[in-house]
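Accompanying notes for the structure given below.
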Amino acid sequence: MSTPAEHPAPTPADRPLNFIEQIIEQDNAAKKWGTWPDGTPRVQTRFPPEPNGYLHIGHAKSICLNFGLAKKYGGKFNLRFDDTNPTKEEQEYVDSITNDVKWLGGDFDGPNGGGLFFASDCFEQMYNFAEELIRKGKAYVCELSADEVSKRRGTPQIPSTSPFRDRPIDESLRLFREMKEGKHPNGSMTLRAKIDLASPNFNLRDPVMYRILHETHPHTGAEWCVYPMYDWAHGFEDSAEGITHSICTLEFEDHRPLYDWFIDAVNEGRTDDGRGPWGKKIHHSQQIEFAKFRPTYTILSKRNLLKMVEDGHVRGWDDPRMPTIAGLRRRGYTPESLRNLMEDVGVTKVESSIDIGRLENAVRDHLNKVAPRAMAVLRPLKVVIENWPEGKVDMLDFVVNPEEQARGGSGGTRKVPFSKVLYIEHEDFMEVPAKKFFRLAPGQEVRLRWAYFIKCASVVKDAAGNITEVRCTYDPATRGGDAPLNPDGTPARKVKGTLHWVSAEHAIPAEVRLFDRLFTAEEPGKRTGNHIDDLNPNSLEVLTAHIDPALKDAKPGERYQFERLGYFCVDPDTTPAKLVFNRTVTLKDTWAKVAGKD
RNA sequence: UGGGGUAUGGUGUAACGGUAGCACGAGUGACUCUGACUCACUUAGUCUAGGUUCAAAUCCUAGUACCCCAACCA
């Protein structure tokens, strides 16, 4: 199995608090948000994706952050679809997002879960609040087209204008109702908040609250033809769900005044006890912004990811080369490794980029602990053991997880067949060995992992001079891979190199997909403005490997370490007739570094 | 140009007027039946210029660099 042991994600209590935790702890100390029935200070967070694409590694940070906070402070975490724009949203995305959030551990319906929500469930209420704002003189229907609004936008110094700004309340109310009833075409009018047309913050220059969209919505069907804009809707969704800390990314920083303005506008004239002309005050959560997760050699904008899929640069949203959660999962990443990484990079307001190598390290780290080992040869070189009897098969003990063994566990063993004809990795042999190359070479002795010491006797080449076969002898006294012992118990001789191998007649074929990064530039598109120019033409290499027969019935999603090669995950393309593996990541390769220097 | 943000080793992050620390990377070595893992050591930093102070990454002043904002997207 791919996960023999459950490794809880670390919750380092000794780690210094990040700035959001500091805010929360101050709030908790002041009981700013009240308490849960059991007396714990209330903390409620949410992850609010728009269902217009697949989730990616950047979203993973937000999910881990928001869920992590709810868990740490005994609060609740909501999953909420911010589905206010039916022109872009689809059920497929709702499904994939729900799945990905759960997979990552964003347990919105577990013990720290507040539940699953849709912004569209609040449409009725939001609409009523919008009418209230009109009646309070804080919103008006504007009949400017998008183009005209743009033209009248002004500059930082010159205010925007709208000839409809001072239209009578009754007229706005009538028109807004007509908008809702479908009496006006798309784009003919909008509801705008009456804030400040001269504000240096353009978000406050009478932002649009509602636009007309005669469109079917994945969640509400044909019920509505007016849809709320993000700024108007978002604070309400938070309010309705009782969110305490509304965490978003940095680019929303100058939307915060608007976020607050809308809630304050509704609360104007309302009272705590609800005895006033407008009723009871609504909950006003606190927006907090943090910096995105930005890995190198990666694009993350949904638009560009969608284009990669549509233009066929990858095989789909879940292509193992994609930075999507679905892609990473298929590639073999574990939720634990992603959570650990997010914990590791921390939370700040500094726009920083994360070396993509840290992702690779994170998954190596976790898989090293949990992945069972196996042997597989990617690029075979035939080895014939000259002094091995024809037809003889030796079943040797193979330790399934040496890491577990090192930690005091059994590690488990299983049998692996050894016979006269073997395959080793082609690059593990050099006819003229380089400096410090302590693998197989003429006259040189190496260990075959868990098997025997072998020594290279001769090399067979084809007409073109390519090495086709290496002939070796084995030492029967080294069975199991241990050196013969001196009388005092010390090894009689040492070999520097240990190679992985498979028995040619027993090994089974499997398709193995080797991935490299999708882009060759640290910041794709920086050079030419188009990330496609930085695509790595060699991001996928497919070959047929010879693998340990014990993996014959491996199931999609299972993860293994192919010893000395890397971590591999069984791909869903696997059928009973054909195994397919994805290489998640290679092992660290110090030799490659050394060899590369010469 | 107006508004909103952010600057600490190569990277990510701590230090909240009092010894600039941690992690990753990199380098060296040890160990090793995975050139993996593990372990040890080394490496290298407060954007600039002034000022306040016994003492400044931290406070003040003036700069500089980078990011975001003028969708009926979120």
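Atom set for the values below is all heavy atoms of this structure, side chains included, hydrogens, waters and symmetry mates excluded.
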Please state the [atom1] separation for the pair [N] and [M] - nearest whole angstrom.
N      : M      : atom1 : answer
G4(B)  : C22(B) : C1'   : 32 Å
C37(B) : C59(B) : C1'   : 48 Å
U28(B) : G51(B) : C1'   : 45 Å
U13(B) : G50(B) : P     : 29 Å
A57(B) : A40(B) : P     : 30 Å
C16(B) : U58(B) : C1'   : 7 Å
A44(B) : G2(B)  : P     : 42 Å

Just how far, in rounded Å, is [atom2] of [N] from [atom1] of [X]?
X         : N      : atom1 : atom2 : value
Arg449(A) : A36(B) : CZ    : P     : 13 Å
Leu65(A)  : U13(B) : CG    : P     : 13 Å
Ile356(A) : C24(B) : CD1   : C1'   : 14 Å
Arg294(A) : G12(B) : CZ    : P     : 9 Å
Leu204(A) : G2(B)  : CG    : C1'   : 14 Å

Determine: side-chain N/O of [X] to OP1/OP2 of [N], distance under 4.0 Å, yes or no.
X         : N      : answer
Arg211(A) : C73(B) : yes
Arg153(A) : C72(B) : yes
Lys349(A) : A7(B)  : no

If you take the centroid of each ring, where Trp contributes its six-membered ring, are Phe453(A) and Tyr474(A) closer together than 6.0 Å?
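Ring-ring flag for Tyr474(A)/Phe453(A): false, centres at least 6.0 Å apart.
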Which part of the nucleic acid, if any, lies within reach of [X] when heavy atoms closer than 4.0 Å are counted: base, sugar-phosphate only, or nothing?
X         : value
Gly346(A) : nothing
Met229(A) : sugar-phosphate
Leu144(A) : base
Phe453(A) : nothing
Arg205(A) : nothing
Phe252(A) : base
Gln561(A) : base
Ser160(A) : nothing
Asn52(A)  : nothing
Ser352(A) : sugar-phosphate
Lys496(A) : nothing
Leu587(A) : base
Arg256(A) : nothing
Ser353(A) : sugar-phosphate

Regarding [N], can its base be found pairing with the side chain of [X] as donor and acceptor, where the two atoms are less than 3.5 Å apart?
X         : N      : answer
Glu253(A) : C69(B) : no
Asp254(A) : G3(B)  : yes
Arg564(A) : G35(B) : no

Does [Y] offer a backbone N or O that forms a donor-acceptor pair with the side chain of [X] under 3.5 Å?
X         : Y         : answer
Ser337(A) : Tyr333(A) : no
His214(A) : His184(A) : yes
Tyr210(A) : Trp232(A) : no
Arg205(A) : Ser199(A) : yes
Ser162(A) : Phe164(A) : yes

Report the C-alpha distance between Arg559(A) and Thr584(A) in whole Å, list the side-chain angles of each, state the deciding distance to 0.1 Å, and finish with yes or no for side-chain hydrogen bond (donor to acceptor under 3.5 Å, both in side chains).
CA-CA 9 Å; Arg559(A) 305 179 183 93; Thr584(A) 308; over 6 Å; no
Could you say whether Gly497(A) or Thr84(A) is positioned toward the 5' end of RNA chain B, judged by the nucleotide with the nearest heavy atom to each?
Gly497(A)
Of Arg358(A) and Ser150(A), whose nearest nucleotide on RNA chain B comes first from the 5' end?
Arg358(A)
Which nucleotide in [options] has an atom nearest any side-chain atom of [X]:
X         : options                : answer
Phe438(A) : G35(B), C68(B), U34(B) : G35(B)
Lys88(A)  : C37(B), C68(B), C73(B) : C73(B)
His255(A) : A74(B), U34(B), U13(B) : A74(B)
Pro402(A) : U34(B), A71(B), A36(B) : U34(B)
Thr498(A) : G35(B), A36(B), G12(B) : G35(B)
Thr348(A) : A14(B), G4(B), C72(B)  : A14(B)
Asn85(A)  : C37(B), A74(B), U6(B)  : A74(B)
Glu50(A)  : A36(B), A74(B), G2(B)  : A74(B)
Asp344(A) : A23(B), C72(B), C37(B) : A23(B)
Phe437(A) : G35(B), A70(B), G25(B) : G35(B)

Would you say the base of A74(B) stacks on Tyr230(A) (centre-to-centre below 5.5 Å, plane angle below 30°)?
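It does not: the two rings, one from Tyr230(A) and one from A74(B), miss the stacking criterion.
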Mind running ring-ring contact (aromatic ring centres under 6.0 Å, His included) on Tyr560(A) and Tyr567(A) for me, showing each step along the way?
CA-CA 6 Å; Tyr560(A) 296 89; Tyr567(A) 297 96; over 10 Å; no
Find out whether the Lys NZ or Arg CZ of Lys496(A) is both under 6.0 angstrom from the six-membered ring centre of Phe438(A) and within 45° of the ring's axis.
yes
Taking the six-membered ring of Tyr127(A) as reference, does the NZ or CZ atom of Lys180(A) fall below 6.0 Å from its centre and within a 45° cone about the axis?
yes
Where does RNA chain B pair, written as one dot-bracket string 5' to 3', with Watson-Crick or G-U pairs under 3.5 Å, ( ) inside the strand, [ ] for crossing pairs and | for another strand?
.((((((..((((....[..))))((((((.......))))))...(((((..]....))))))))))).....
His234(A) and Asp82(A): CA distance, side-chain angles, deciding distance, side-chain hydrogen bond (donor to acceptor under 3.5 Å, both in side chains) verdict:
CA-CA 8 Å; His234(A) 206 84; Asp82(A) 205 2; 3.1 Å; yes
Is a salt bridge present between Glu237(A) and Arg80(A), judged by a nitrogen-to-oxygen distance below 4.0 Å?
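Judged by the 4.0 Å cut-off on N to carboxylate O distance, Glu237(A) and Arg80(A) do form a salt bridge.
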